[in-house]
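Okay, so here's the structure we're looking at.
Chain naming here is simple, since letters A, B, ... match the order of the sequence lines and numbering starts at 1 in each. Predicted, not measured: the structure shown is a model, and the values here were computed from it.
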There are 2 protein chains.
Amino acid sequence: MEALKQKLVDEGIKPTFQRISILKYLEENSKHPTADMIYDFMRKKMPTISKTTVYNTVHTFLENGLINELTITGQESRYDINTHNHHHFLCRNCGKIYDVDIQCPHGLPGKDVVDGHKIDEIHGYFKGICQDCLRKNSS
Amino acid sequence: MEALKQKLVDEGIKPTFQRISILKYLEENSKHPTADMIYDFMRKKMPTISKTTVYNTVHTFLENGLINELTITGQESRYDINTHNHHHFLCRNCGKIYDVDIQCPHGLPGKDVVDGHKIDEIHGYFKGICQDCLRKNSS
DNA sequence: GTGCTTGCAAATCGTTTGCAATAGC
DNA sequence: GCTATTGCAAACGATTTGCAAGCAC
């Protein structure tokens, strides 16, 4: 709790109870949740929390680079606390998102350039059928 | 017109006037339009067309692999007729999307596997500031 | 005619906004 | 006390759905 609080203070973010709790959830639950999933989880411990606060908080975290936003599904944003350079795999069957530990060889954010455009973010998305679903389908 | 019609017939899609027209727009206008942009353009030539038809049509095209869906902005879907393997760059300043002619070295759709998951689609998204905006800002 | 396609209107869902109440330095 | 944060309700925008009318083979 104190470490999380410090993390927010270090970023210049006022460490409110809501923000610390959401950061904690994201750290212990690196499952690329939607805003709704965060909201549902938070409500168990804090029934008065509002969805607005969830959105406010993830926006604050995004602005400070504490989390990344994934737009892989096209339906809703997913939030990822794992900010090191990696890619994602979306299963078209079960909807689960997996981390894929691949480094992009085309450049590093903030450092490199593609066709003259300055790159800040790199997103690699794979879509297909995950190992789990492949196994279930073949059996 | 006939070539476009044939393309639809070949895919087993009934070549209605609306579908041919939308395909024509996408082929001559590979600018990753939104459904709304397609709708606005189509209305000029066919004022009675409905947004539902635009959505129906792009869904049909997607199912048949005639186009790809880009979820790069997180706001709305973009449609791309260019089905060869390439990546995209989104400018955070002007919102323009550029094609980036890079091949993904991690596998090819339908053929390869990552962490045991079967890959059907590969999407590479870069975000940053485009060459145009860099030039304008520095001058 | 039968079945698919079209297009209108209404519904849905994720997200944002306006604003008053609240909390923390 | 002042300022930022919270949370409610309403608005919004992209997309989907229900359904009646239209079209093509």
So B/D36, base contact, sugar-phosphate only, or nothing? Heavy-atom distance under 4.0 Å.
nothing

Nearest-Å distance, CD (B/Q18) to P (C/dC4)?
17 Å

B/T16 side chain N/O closer than 4.0 Å to the phosphate oxygens (OP1, OP2) of C/dT6?
yes

Result for side chain to side chain donor-acceptor pair (under 3.5 Å) between A/K51 and one of A/N56, A/D36, A/D40 points to A/D36

How long is the line joining CD1 of B/I20 and P of D/dC23, in whole Å?
16 Å

Side-chain ion pair, B/D120 and B/K118, N-O less than 4.0 Å
yes

Separation of atom CD1 in B/I13 from atom P in C/dT6, rounded to whole Å
11 Å

Any base atoms under 4.0 Å from A/S77, or only sugar-phosphate, or nothing? Heavy atoms, all strands.
sugar-phosphate

Please determine if a side-chain N or O atom of A/S50 lies less than 4.0 Å away from the OP1 or OP2 oxygen of D/dT6.
no

Figure out the CZ/C1' separation between B/R19 and C/dT6, and round it to whole Å.
10 Å

Side-chain donor/acceptor contact of A/T52 with base of D/dC8 under 3.5 Å:
yes

Mind calculating the distance between OH (B/Y39) and C1' (D/dA14) to the nearest angstrom?
14 Å

Sugar-phosphate only, base, or nothing, as touched by A/T48 at under 4.0 Å among non-hydrogen atoms:
sugar-phosphate

What about B/Y98 and A/H117, are their ring centers closer than 6.0 Å?
yes

Could you tell me the separation between the CD atom of B/E11 and the C1' atom of C/dC4, rounded to a whole number of Å?
18 Å

Is A/Y55 near enough to C/dT15 that one of its side-chain N or O atoms lies under 4.0 angstrom from OP1 or OP2?
yes

For C/dG14, does OP1 or OP2 lie under 4.0 Å from any side-chain N or O of B/Q75?
no

Stepwise, does the ring pair (Phe, Tyr, Trp, His ring centres under 6.0 Å) test hold for B/H32 with B/Y79?
CA-CA 5 Å; B/H32 326 98; B/Y79 304 99; over 10 Å; no

Rounding to an integer number of Å, can you tell me how far A/N56 CG sits from C/dG18 P?
13 Å

Please state how far atom CG in A/L8 lies from atom P in D/dA4, giving the value in whole angstrom units.
18 Å

Pairwise 5' ranking along DNA chain C for B/T57 and A/A35, keeping only the more 5' one
B/T57

If you measure from NZ on B/K136 to CD on B/Q131, what distance do you get to the nearest 0.5 Å?
11.5 Å

5′-ward residue of the pair B/T34/B/K14 relative to DNA chain D
B/T34

For D/dT16, does either OP1 or OP2 sit under 4.0 Å from a side-chain N or O belonging to B/H59?
yes

